[in-house]
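None of the values given here were measured: they were computed from a predicted structure.
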Amino acid sequence: MRKDETERKIKAFILSKHFFVALMAFMCVLALISLLFVFLRFVGVGGFEIKGSTEYELSELISASGIRSGDAMSSVRVKTAEKLLLEKCPYLKSVDVKKKFPNKIVFKVEERVLGWYLQVGDDFYALDYDLRILLETYDEQSLIDRGLTKLVLPELESAVCDELPEFGNDDEQLIGETLKIIDSFRTHEMKPRLTYLDLSNRFEITLIIDSTFEVKLGDMSNIETKLATIKSTIARSIEKGYAGGELNMITPTSFSFRGYFAQNNDENAADESEVEKTE
């Protein structure tokens, strides 16, 4: 009996010791959390940082966020700051505001990329790749200089900044197929060379490549074959010295190409041209 009693007392002592250690550890953690809370309650914002690529200056993001240097870190509401940034900085596609210990605010941003532009009357509207309108201007050349593709849409009714274009036609199939065509060109390797895309009639699509090669594409049937043929035809025409040309791509296996040379200094000199046809 004495042996059992001794073992029981030893176990009780060990358990009480473990309990005491655990309790002390818990108290230490609680104290650290309390100190951290007090620290964050009174420490002021001491710096800002951008993560990601953006055209906005850091000072612009700080101003738009509503956060000021010296504000208590505990008073910073990141969700409110994110909402303000998206409202005041239309080029931002997404933003994530983080508090970085001990007193820094980090703006993690993803920016919208301009890819298209529209003309409505005398006004021009720049759109990102998701077709959200970001910019209105009277200066078309500034959009051309940025490498944007002029987009002609069927029955375009209106364009308003920070919104999608509105169609006068409520035909959902027409709108859906038009957007699908745009998406096909958006992701294609030829997009950076695409100067003009006319989708006013999806069965008679017209392209301009490199500002000088006009293409009558027809519809979107066999589109990969058509685009591959366009690419190779333009490459061969450039090797031959052509400055531009006209391609009829109504069908991928039967097309015509008329190329022309740049005019020389004689204003009365006619362009030289030739016709190629492949069956």
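- Cluster annotation: I223 and I208 are assigned to distinct hydrophobic clusters (Ile/Leu/Val/Met/Phe/Trp/Tyr, side-chain heavy-atom contacts under 4.5 Å, transitive).
- One side chain, S221 or D219, offers a donor N or O that lies under 3.5 Å from an acceptor on the other.
- A salt bridge does not link K216 with E204: every distance from a Lys NZ or Arg NE/NH1/NH2 to an Asp or Glu carboxylate oxygen is 4.0 Å or more.
- The side-chain contact (heavy atoms from CB on, under 4.5 Å) with P165 is formed by just one residue from the set I175, L127, V160, L151; it is L127.
- Expressed to the nearest 0.5 Å, how far CG of L85 lies from CD1 of I62 amounts to 10.5 Å.
- No continuous path of hydrophobic side-chain contacts links I144 to V152 [ILVMFWY only; heavy atoms under 4.5 Å].
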(message) Does F257 form a side-chain contact (heavy atoms from CB on, under 4.5 Å) with F213? I'd like the steps, not just the answer.
(response) CA-CA 10 Å; F257 169 69; F213 292 91; 4.3 Å; yes
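- For the residue pair Q141 and D145, a side-chain donor N or O sits within less than 3.5 Å of a side-chain acceptor on the partner.
- At distances below 3.5 Å, not a single donor-acceptor pair connects side-chain atoms of K104 with backbone N or O atoms of K98.
- In this structure, T187 contributes its side chain and D183 its backbone to a donor-acceptor pair below 3.5 Å.
- Separating the CD1 atom in I133 from the SG atom in C161 is a distance of 7.0 Å, to the nearest 0.5 Å.
- Results of the salt bridge (Lys or Arg N to Asp or Glu O under 4.0 Å) test with D128 over R112, R186, K93 single out R112 as the only residue that passes.
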(request) Verify side-chain contact (heavy atoms from CB on, under 4.5 Å) between R68 and V45, making sure each step is shown before the conclusion. (result) CA-CA 7 Å; R68 300 291 178 268; V45 175; over 6 Å; no
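- Between E246 and R258 there is no salt bridge, since none of the side-chain N atoms of the basic residue sits less than 4.0 Å from a carboxylate O of the acidic one.
- Aromatic ring orientation, Y129 versus W116: perpendicular (interplanar angle above 60°, classes split at 30° and 60°).
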(request) Quick one: do L135 and R146 satisfy side-chain contact (heavy atoms from CB on, under 4.5 Å)? Show the steps, please. (result) CA-CA 13 Å; L135 174 68; R146 296 181 74 157; 4.3 Å; yes
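- Ion pairing between a basic and an acidic side chain is recognised when a charged N comes within 4.0 Å of a carboxylate O; K79 and E82 show such pairing.
- Taking hydrophobic clusters as Ile, Leu, Val, Met, Phe, Trp and Tyr residues chained together by side-chain heavy-atom distances below 4.5 Å, L84 does not share a cluster with V109.
- Atom CG of D139 has more than 12 heavy atoms from other residues, nucleotides or ligands within 6.0 Å.
- A distance of 11.5 Å separates CG in L118 from CD in E136, rounded to the nearest 0.5 Å.
- Without hydrogens or angle criteria, Y91 side chain to L114 main chain gives no donor-acceptor distance under 3.5 Å.
- Taking a 6.0 Å sphere around NZ of K191, one finds it holds more than 12 heavy atoms contributed by other residues, nucleotides or ligands.
- Taking CD of E111 as the reference point, atom CG of L134 lies at 9.0 Å (rounded to 0.5 Å).
- Checked by atom type, the side-chain pair S200/D198 shows a donor-acceptor distance below 3.5 Å.
- Using a 4.5 Å cut-off between side-chain heavy atoms of Ile, Leu, Val, Met, Phe, Trp and Tyr, with links allowed through other members, L131 and L156 fall into the same hydrophobic cluster.
- E140 and Y117 share a side-chain donor-acceptor pair at under 3.5 Å.
- Between the S63 side chain and the S59 main chain, no donor and acceptor come within less than 3.5 Å of each other.
- Two rings, from F124 and Y138, have their centers 6.0 Å or more apart.
- With values rounded to the nearest 0.5 angstrom, T233 atom OG1 is found 3.5 Å from F255 atom CZ.
- Electrostatic pairing of K226 and E224 does not count as a salt bridge here, judged by no charged N lying under 4.0 Å from a carboxylate O.
- Once rounded to the nearest 0.5 Å, the distance linking OH of Y242 with CZ of R236 reads 11.0 Å.
- In this structure, I182 is a member of the same hydrophobic cluster as M190, with clusters built from ILVMFWY side-chain heavy atoms closer than 4.5 Å.
- With 3.5 Å as the limit, one finds no donor-acceptor pair spanning the side chains of T195 and K150.
- No side-chain donor-acceptor contact under 3.5 Å links E163 to the backbone of R132.
- Applying the 6.0 Å contact sphere to CD of E155 captures more than 12 heavy atoms from other residues, nucleotides or ligands.
- Between K231 and E189 there is a salt bridge, since at least one side-chain N of the basic residue sits less than 4.0 Å from a carboxylate O of the acidic one.
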